[in-house]
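Data first, discussion second: the structure below is written as structure tokens.
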Amino acid sequence: MSTYKYATLFLARNISVNQTRTFFSNLKCLDVTINRENGVAYVLMKHPPVNTLNMQLISELSLTLSNLEKSKCQGMILSSIFDKVFCSGLDLNELLKPKPERVKGYFSTFQELVIQLYGSSFPTVAAMTGHSPAGGCVLGMCCEYRVMKKNSQIGIPGSRMGIALPRYIVNLMSSTIGLRNAELMLTKGKILNTDEALKVGLIDEIANDRTDAIRKAEDFLKEYEMIAPLARGITKRIIRRSIIEDVKMNGAADLENFVSVIMLPEVQEKLDMYMYNLKNRKRD
Ligand SMILES: CCCC/C=C\CC(=O)SCCNC(=O)CCNC(=O)[C@H](O)C(C)(C)COP(=O)(O)OP(=O)(O)OC[C@H]1O[C@@H](n2cnc3c(N)ncnc32)[C@H](O)[C@@H]1OP(=O)(O)O
């Protein structure tokens with residue numbers, strides 16, 4: 001990100017560039033800075049054009065989370081440098097005509113990232129600056145709080161793409177919006193607009209723009225300043241334990257199953273059509 005963009009991002013929130021430090025400078029798809037004053041990490045996805053979760057972005061997110069765990073990070077805001085899109089989800093090119101070992105490695109790395117983010121010891125907020133389909137929605141659900149820019153869309157279109165979702169994704173959605181809503185949303189592969197997402201509890205707040213989304217995310221983290229980190233962390237771990245334990249127990253078998261479904265000719269045909277429609281749809 002250019003110095004100018006940083007300056008506008010931070011000055012808009014009354015944080016001077018001097019109050020921040022670049023945490024990790026050799027990342028290609030992420031900008032990671034920490035505010036020295038309050039220890040909040042800003043992890044901004046910057047993989048053009050739409051933050052598709054390719055292997056590089058997934059790996060950098062994972063590496064960053066490991067490093068933040070080791071640092072004195074007091075909270076993390078996961079966001080995007082793009083105004084229209086938070087994250088466009090998994091890389092569809094990895095799903096099309098895949099080599100079994102490659103696709104298994106790809107989904108296994110994503111599964112590990114999900115558990116790492118979901119189980120992080122520090123508080124996490126997703127400042128969703130725009131659309132958050134599929135894997136973008138999953139990243140958001142792993143965070144403790146979600147702020148999304150108005151007029152954006154969120155959801156997991158797996159069923160519409162012919163994909164049977166892995167168990168941990170279904171569990172994440174169920175724990176976020178309840179079993180009944182999750183069943184309706186996921187079996188239909190429904191995508192919600194911002195108002196619908198707020199109503200169902202998939203997001204917690206609506207923001208007017210990117211700066212507002214970051215400010216609201218910071219406000220959420222500020223509420224933890226007077227809370228003992230140890231007590232907070234232990235409580236979070238207890239609440240999140242069942243999904244994490246389930247992945248440890250069933251993740252490998254779940255992954256095998258998921259990959260074997262992805263490889264089916266009829267699923268590949270459907271994915272091919274989905275990609276074709278994406279490339280040929282009218283842009284807004
Ligand atoms: C472990 C299993 C978990 C299951 C959960 C999730 C599975 C997935 O995540 S599968 C991925 C599903 N993602 C989507 O369906 C989103 C598809 N993308 C969009 O809807 C739009 O791109 C989006 C609304 C995000 C942004 O719209 P625009 O700003 O209009 O951008 P474009 O559509 O023009 O996109 C630019 C460029 O990027 C390509 N693209 C977009 N998303 C993906 C993707 N997920 N994978 C690969 N490529 C993607 C898009 O085709 C455009 O390419 P060009 O046409 O070549 O420019």
Side-chain angles (χ1 to χ4, degrees), residues 29 45-58 61 80-98 102-118 128-142 148-149 151-173 176 182 185-194 197 202 243 246-247 250-263 267-268 270-284:
C29 304
M45 291 179 277
K46 56 162 189 180
H47 177 47
V50 288
N51 285 332
T52 298
L53 287 160
N54 66 351
M55 199 64 157
Q56 174 98 18
L57 177 52
I58 296 175
L61 280 167
S80 150
I81 67 160
F82 304 119
D83 280 332
K84 200 177 151 193
V85 180
F86 170 66
C87 167
S88 74
L90 295 181
D91 189 346
L92 288 161
N93 298 303
E94 293 280 359
L95 278 70
L96 277 165
K97 303 183 187 66
R102 162 92 198 176
V103 76
K104 225 179 270 177
Y106 177 70
F107 281 109
S108 149
T109 314
F110 181 66
Q111 182 174 290
E112 279 162 27
L113 169 67
V114 166
I115 292 311
Q116 206 181 353
L117 178 55
Y118 185 70
M128 304 164 109
T129 55
H131 303 305
S132 312
C137 172
V138 174
L139 289 186
M141 288 192 299
C142 290
M148 191 164 79
K149 198 179 96 176
N151 302 324
S152 305
Q153 298 198 320
I154 182 168
I156 304 184
S159 299
R160 275 203 272 145
M161 300 162 69
I163 298 181
L165 295 173
R167 208 176 145 110
Y168 68 95
I169 305 281
V170 176
N171 289 342
L172 267 176
M173 184 63 89
T176 310
M185 251 195 93
L186 295 180
T187 52
K188 289 181 180 170
K190 252 182 125 173
I191 298 288
L192 307 181
N193 65 35
T194 326
L202 188 51
I243 291 184
D246 191 74
V247 173
N250 303 303
D254 199 23
L255 190 70
E256 288 287 333
N257 196 33
F258 178 75
V259 169
S260 62
V261 172
I262 287 273
M263 310 284 292
V267 175
Q268 282 295 313
K270 196 124 183 125
L271 280 171
D272 206 26
M273 180 59 74
Y274 186 85
M275 190 65 158
Y276 176 86
N277 288 337
L278 179 65
K279 297 262 174 217
N280 293 285
R281 79 190 208 286
K282 274 200 183 140
R283 309 291 199 267
D284 29 77

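Side chains included, hydrogens not; waters and symmetry mates left out as well; all remaining heavy atoms used. Start at 1 and go down the list; that is how both ligands and their atoms are numbered.
Judged by distance alone, the side chain of H131 and the main-chain N or O of V85 form no donor-acceptor pair under 3.5 Å. Between the side chain of T52 and the main chain of S88, no donor-acceptor pair closer than 3.5 Å is present. Of the possible donor and acceptor atoms, one in the side chain of S132 sits under 3.5 Å from a partner among the backbone N and O of G130.
Remark: S108 pairs with E112, L255 by the side chain to side chain contact (heavy atoms under 4.5 Å, CB included) rule, at least two apart or across chains. A search for side chain to side chain contact (heavy atoms under 4.5 Å, CB included) contacts involving T176 returns M141, R146, L202, not counting sequence neighbours.
With atom 45 (N) of ligand 1 as the reference point, the heavy atom nearest to it among D91, L90, D83 is part of L90. Closest heavy-atom approach to atom 12 (C) of ligand 1 within the set G130, A134, G135: this belongs to A134. For atom 13 (N) of ligand 1, the choice among P133, G89, S88, P48 with the nearest heavy atom turns out to be S88. Of the candidates Q111, Q153, R281, K84, R281 brings a heavy atom nearest to atom 23 (C) of ligand 1.
Between Q268 and D272, every side-chain heavy-atom pair lies at or beyond the 4.5 Å cut-off. Contact annotation: the side chain of Q153 never approaches that of P133 to less than 4.5 Å [non-hydrogen atoms, C-beta and beyond]. No side-chain heavy atom of S152 sits less than 4.5 Å from a side-chain heavy atom of M128.
Of the polar atoms of I163, none of the N or O atoms is found under 3.5 Å from an N or O of ligand 1, judged by distance alone. For M275, no nitrogen or oxygen atom sits less than 3.5 Å from a nitrogen or oxygen atom of ligand 1, counting backbone and side chain alike. Geometrically, ligand 1 and P157 share no nitrogen or oxygen pair separated by less than 3.5 Å.
At a heavy-atom cutoff of 4.0 Å, ligand 1 is contacted by both the backbone and the side chain of L92.
Close approach of ligand 1 to Y168 (heavy-atom distance below 4.0 Å) involves ligand atoms 1 (C). Close approach to Y274 involves these atoms of ligand 1, each under 4.0 Å from a residue heavy atom: 14 (C), 15 (O). Against a heavy-atom cut-off of under 4.0 Å, M161 is close to the following atoms of ligand 1: 10 (S). Numbered from 1 in the order shown, with element, the atoms of ligand 1 that lie under 4.0 Å from a heavy atom of P49 read 36 (C), 37 (C), 38 (O).
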